[in-house]
S.K.: 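Take a look at the following structure, please.
Chain letters run A, B, ... following the sequence lines, proteins first, then strands; residues in each count from 1.
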Protein chains: 2
Amino acid sequence: MTTGVPIGKAAKRSGVKVPTIRYYEQIGLLTAPARSDGNRRHYDASDLHRLSFIRHARELGFEIDAIRTLLALQDDPNQPCATADGIAKARLADVEQRIRSLSALKTELQAMIEGCSHGRVAACRVIEVLADHGQCLHAGH
Amino acid sequence: MTTGVPIGKAAKRSGVKVPTIRYYEQIGLLTAPARSDGNRRHYDASDLHRLSFIRHARELGFEIDAIRTLLALQDDPNQPCATADGIAKARLADVEQRIRSLSALKTELQAMIEGCSHGRVAACRVIEVLADHGQCLHAGH
DNA sequence: CTACATCCTCTAGCAACTAGAGGAGCAAGC
DNA sequence: GCTTGCTCCTCTAGTTGCTAGAGGATGTAG
């Protein structure tokens, strides 16, 4: 039987960096793994699974606290999944909101760049638009 | 003649919160304004203009350092605006990238939520998808 | 003149890591 | 057995862009 992999391999397999793994342990997101004689962390399959779960959730933009809740849910499969559903829905709403404002920004930045005649700053719309909020194409911010 | 407005009014007019204004002064983004007898900051029109400029740039997602550069450009209008243009272009590329990845996340979150049958966690697609990266709709992360 | 709002400085905290110091363990080659 | 060099350990402090609070001074309205 294998004792599990050291932190470096766990990092490579899960895609979470070594110091970040230790950080997750420190804040209690990850339970402390077994240690070898030489005091080194050794991660087994379930630890790696959990790490991948965390990484994936982080990539999707879930906050640490939300992940904490999701992990707790995962450990107790008989609970109704309304909580998980709610967390995902809140995240979706957030993502949609961000896309909306970023799209507005994009339009404005494009207009700025087009307006810039590549002359002097005095005639540059980048500065001008930023200095005078009233010139914004989108009032939404 | 007016001596300028105190920090609270400056905050209201510019949309930048009081502690944030002080913070900007502290990090040298904003030059220290005049002080009254009682040691209170008083902001004049040009200070307010600058504050609005900063607020707007922050809303557009510019980093403090980029804003510092933009402010320096604004103070020296005879410089070529290629720098400001470059900063705006970099920001545009960044914004576009963010929109792309957020759109991918949105699709994935929607699929997760739709797949959730509102039953038990054991059958919850939100948890399931998070746990198994292979189920992702988008491999880009 | 007394409330009460606003202001001052200073320090510490937030998320979510990242970087570095200083030291110990371990595996491989000679 | 020994050295080389990589990985690992703990600990502290730094990052970005603020935000919160303590403890005190000042300005203003009734």
S.K.: Once salt bridge (Lys or Arg N to Asp or Glu O under 4.0 Å) is applied, what residue pairs with a partner in residues 38-51 of chain B remain, sequence neighbours excluded?
M.R.: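 Listed once each, the pairs are B:E25-B:R41, B:R50-B:D75.
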S.K.: Just to verify, what does A:D37 make a salt bridge (Lys or Arg N to Asp or Glu O under 4.0 Å) with, not counting sequence neighbours?
M.R.: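 Applying salt bridge (Lys or Arg N to Asp or Glu O under 4.0 Å) to A:D37 gives none.
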S.K.: If you pin B:K9 and B:Q26 to their nearest nucleotides in DNA chain C, which one's is more 5'?
M.R.: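 It is B:K9, whose closest nucleotide lies nearer the 5' terminus.
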S.K.: Round to the nearest Å and state the distance from A:I27 atom CD1 to C:dC14 atom P.
M.R.: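 It works out to 12 Å between those atoms.
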S.K.: For nucleotides 14-22 of chain D, just jot down a letter per nucleotide in 5' to 3' order: B, S or -, based on protein non-hydrogen atoms under 4.0 Å.
M.R.: ---BBS---
S.K.: Measure the distance from CD1 on A:I21 to P on C:dT18 and round it to the nearest whole Å.
M.R.: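 In whole Å, C:dT18 P lies 12 Å from A:I21 CD1.
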S.K.: Between B:E25 (CD) and C:dC10 (P), how many Å, whole number?
M.R.: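 In whole Å, C:dC10 P and B:E25 CD are 12 Å from each other.
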S.K.: Nearest whole angstrom, please: distance from the C1' of C:dC8 to the CZ of B:R35.
M.R.: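 It works out to 8 Å between those atoms.
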S.K.: Please list, for nucleotides 26-30 of chain D, all pairs of protein and nucleotide N/O atoms separated by less than 3.5 Å.
M.R.:
residue	atom	partner	partner atom	Å
D:dT26	O2	B:R40	NH2	3.1
D:dG27	OP1	B:G38	N	3.3

S.K.: So, OP1 or OP2 of D:dT10: does either fall under 4.0 Å of a side-chain N or O from A:R41?
M.R.: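 A:R41 to D:dT10 OP1/OP2: side-chain N or O found under 4.0 Å.
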S.K.: What pairs with A:K12 under side chain to side chain contact (heavy atoms under 4.5 Å, CB included), at least two apart in sequence or on another chain?
M.R.: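 If we apply the side chain to side chain contact (heavy atoms under 4.5 Å, CB included) test to A:K12, skipping adjacent residues, there are no hits.
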S.K.: Mind calculating the distance between OH (B:Y43) and P (C:dC7) to the nearest angstrom?
M.R.: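 It works out to 10 Å between those atoms.
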S.K.: So, using side-chain hydrogen bond (donor to acceptor under 3.5 Å, both in side chains) as the criterion, who are the partners of A:R58 when residues are at least two apart?
M.R.: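 Applying side-chain hydrogen bond (donor to acceptor under 3.5 Å, both in side chains) to A:R58 gives none.
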S.K.: Could you tell me which residues satisfy side chain to side chain contact (heavy atoms under 4.5 Å, CB included) with A:S52, sequence neighbours excluded, listed by chain and number?
M.R.: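 Partners of A:S52 by the side chain to side chain contact (heavy atoms under 4.5 Å, CB included) criterion, ordered by chain and then number, come out as A:S14.
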S.K.: For B:R68, enumerate each residue passing the side chain to side chain contact (heavy atoms under 4.5 Å, CB included) test, keeping only those at least two apart in sequence or located in another chain.
M.R.: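 B:I27, B:L29, B:I64, B:D65.
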S.K.: For A:R100, check salt bridge (Lys or Arg N to Asp or Glu O under 4.0 Å) against everything at least two apart and list the hits.
M.R.: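 A:R100 satisfies salt bridge (Lys or Arg N to Asp or Glu O under 4.0 Å) with no other residue.
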S.K.: Quick check: do B:R35 and B:H42 have side-chain heavy atoms less than 4.5 Å from each other?
M.R.: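 Of all side-chain heavy-atom pairs linking B:H42 with B:R35, none is under 4.5 Å.
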